[in-house]
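A quick write-up on the structure given underneath.
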Amino acid sequence: MSLHHHFEIHLPHWVEPFVGHWLNERGPALDTVEHRMLLAIALSAENVRQGTGGPFGAIVVNQETNRLAGLGVNLVTSSGLSAAHAEIVALSLAQRNVNNWDLGANSNMQLVSSCEPC
């Protein structure tokens with residue numbers, strides 16, 4: 001057994017086309033909690049429809065710009081990693097996108113999950 005394993009999490013192929021207009025600077029703003037929750041729920045439903053994981057979706061939104069900073073769907077079963085919960089994936093991608101591991105340093109970030117976060 002090697003202790004030097006490397007793993008990567010990849011969002012399913014359908015995610016980028018599914019949320020493409022929210023990724024676009026000119027796309028619709030996620031300006032209300034209701035809009036944000038609808039997107040998180042839509043991600044969770046599509047994850048089940050596509051057979052790529054459990055019924056969980058999450059997004060991280062910059063509340064100052066109302067733009068998506070990160071998103072995730074449940075990838076536990078498809079990746080074999082217990083840490084691949086939707087909210088952890090969303091937070092991790094947001095950290096990468098804002099180039100800072102400490103999202104708490106930016107109080108403008110909001111996590112929205114389709115279910116109570118683990």
Side-chain angles (χ1 to χ4, degrees):
M1 175 174 89
S2 172
L3 297 178
H4 301 285
H5 288 284
H6 176 80
F7 62 89
E8 294 181 11
I9 296 289
H10 296 278
L11 290 173
H13 69 281
W14 59 265
V15 172
E16 191 168 340
F18 188 80
V19 298
H21 56 287
W22 278 288
L23 298 174
N24 185 328
E25 286 287 324
R26 295 177 306 274
L30 293 162
D31 55 352
T32 67
V33 173
E34 291 80 12
H35 289 146
R36 295 168 188 174
M37 183 56 78
L38 285 172
L39 178 55
I41 291 169
L43 283 165
S44 69
E46 191 65 19
N47 202 37
V48 171
R49 264 193 294 284
Q50 295 283 339
T52 49
F56 307 101
I59 63 172
V60 177
V61 176
N62 181 323
Q63 296 182 100
E64 200 171 275
T65 64
N66 295 319
R67 295 287 170 207
L68 206 52
L71 62 91
V73 293
N74 180 276
L75 300 172
V76 172
T77 56
S78 63
S79 70
L81 297 170
S82 62
H85 289 257
E87 64 275 14
I88 300 302
V89 173
L91 289 167
S92 298
L93 290 175
Q95 291 168 337
R96 169 87 33 101
N97 289 335
V98 301
N99 201 29
N100 189 347
W101 66 269
D102 185 6
L103 291 178
N106 183 340
S107 61
N108 294 321
M109 296 295 178
Q110 179 184 50
L111 172 67
V112 179
S113 179
S114 65
C115 200
E116 185 174 341
C118 297

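Quick note: residue numbers are just sequence positions, from 1.
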Side-chain heavy atoms of Val33 within contact of Val112, under 4.5 Å: no

Residue Gln50 excluded, over 12 heavy atoms near CD under 6.0 Å: yes

Nearest non-hydrogen partners of Pro55 and Ser114, listed with the distance: O-OG, 4.0 Å

Connected via hydrophobic side-chain network under 4.5 Å: Phe56 and Met37: no

Of His35, Gln110, Arg36, the residue whose pairing with Asn66 passes side chain to side chain donor-acceptor pair (under 3.5 Å): Arg36

Spacing of CG belonging to Leu39 relative to CG belonging to Leu68, to within rounding of 0.5 Å: 6.5 Å

Shared hydrophobic cluster for Val76 and Ile9 (ILVMFWY, side-chain gaps under 4.5 Å): no

Side chain Arg67, main chain Asn62, donor-acceptor under 3.5 Å: no

Heavy atoms of other groups near Trp14 CH2, more than 12 under 6.0 Å: yes

Closest non-hydrogen atom pair between Ser113 and Ala40, with its separation: C-CB, 4.2 Å

Heavy-atom pair with the smallest gap, counting every atom of Val60 and Ala90: CG2-O, 3.7 Å

Asn47 side-chain N/O to Gly57 backbone N/O, donor-acceptor pair under 3.5 Å: no

Heavy-atom pair of closest approach, residues Val73 and Pro12: CG2-CD, 3.8 Å

Straight-line distance of Glu46 CD to Thr52 OG1, nearest 0.5 Å: 8.0 Å

From CA spacing to verdict: side-chain contact (heavy atoms from CB on, under 4.5 Å), Asn100, Gln95: CA-CA 5 Å; Asn100 189 347; Gln95 291 168 337; over 6 Å; no

side-chain contact (heavy atoms from CB on, under 4.5 Å), paired with Leu43, selected from Leu71, Leu11, Leu38: Leu71

Where Val98 and Met109 come nearest, the two heavy atoms and their spacing: CG1-CE, 3.5 Å

Nearest-0.5 Å distance, CD1 of residue Ile88 to CG of residue Leu81: 12.5 Å

Exercise: identify the closest heavy-atom pair between His10 and Leu75: O-CD1, 3.7 Å

